[in-house]
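Let me begin by presenting the structure, written as structure tokens, before commenting on it.
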Amino acid sequence: MLRLAAGLEQPSGGALALGAAPPALSYVFPEPTLMPWASVADNVALPLRIARLPAARIGARVTSALAAARLERFVASLPAELSGA
């Protein structure tokens, strides 16, 4: 049910009603998983792409998130290149 509500799966039949307006939902995977082959920026952008945000908004939000975490200099790095990997 949670996967349906988060929009990760489509119902095979019937309908899913969440209220009058679609809520802003997020999904947190049980295991923290990064795409080791993708850059830090691409890993941060993934949920925004899944949410189908326009590319310009994705870029701005990724830049903002990396700046807030003081990771802007690692935008092109792979996750394994960060400390703690």
Side-chain angles (χ1 to χ4, degrees):
M1 187 65 173
L2 292 175
R3 292 180 65 81
L4 291 171
L8 297 173
E9 293 185 17
Q10 296 298 316
S12 57
L16 177 65
L18 297 173
L25 295 174
S26 296
Y27 181 81
V28 177
F29 293 95
E31 296 292 327
T33 303
L34 295 174
M35 300 179 294
W37 61 88
S39 70
V40 169
D42 285 337
N43 273 282
V44 173
L46 180 61
L48 304 173
R49 288 190 184 114
I50 291 171
R52 296 188 177 109
L53 266 64
R57 285 190 58 202
I58 290 172
R61 298 223 4 220
V62 167
T63 299
S64 176
L66 292 176
R70 298 182 180 168
L71 292 173
E72 56 268 73
R73 65 186 170 138
F74 298 104
V75 67
S77 299
L78 297 176
E81 298 172 323
L82 301 177
S83 65

- Of Ile50, Asn43, Leu48, which meets side-chain contact (heavy atoms from CB on, under 4.5 Å) against Leu46? Ile50
- Item | Non-hydrogen side-chain atoms of Val40 and Val75 separated by less than 4.5 Å | no
- Quick one: does Thr63's side chain have a donor or acceptor within less than 3.5 Å of a partner on Gly59's backbone? yes
- Compare every heavy atom of Leu34 with every heavy atom of Pro79, then report the nearest pair and how far apart it is. CB-CD1, 3.7 Å
- Query: Any idea which heavy atoms bring Ile58 and Ala45 closest together, and the distance?
  - Reply: CG2-CB, 3.7 Å
- Task: Give, for atom CG of Leu78 and atom CE of Met35, the distance between the pair rounded to the nearest 0.5 Å.
- Result: 11.0 Å
- Message: Is there a side-chain contact between Arg61 and Val44 in this structure, where contact means two heavy atoms from C-beta onward sitting under 4.5 Å apart?
- Response: no
- Item | Within 6.0 Å of CZ in Arg57, more than 12 heavy atoms from elsewhere | no
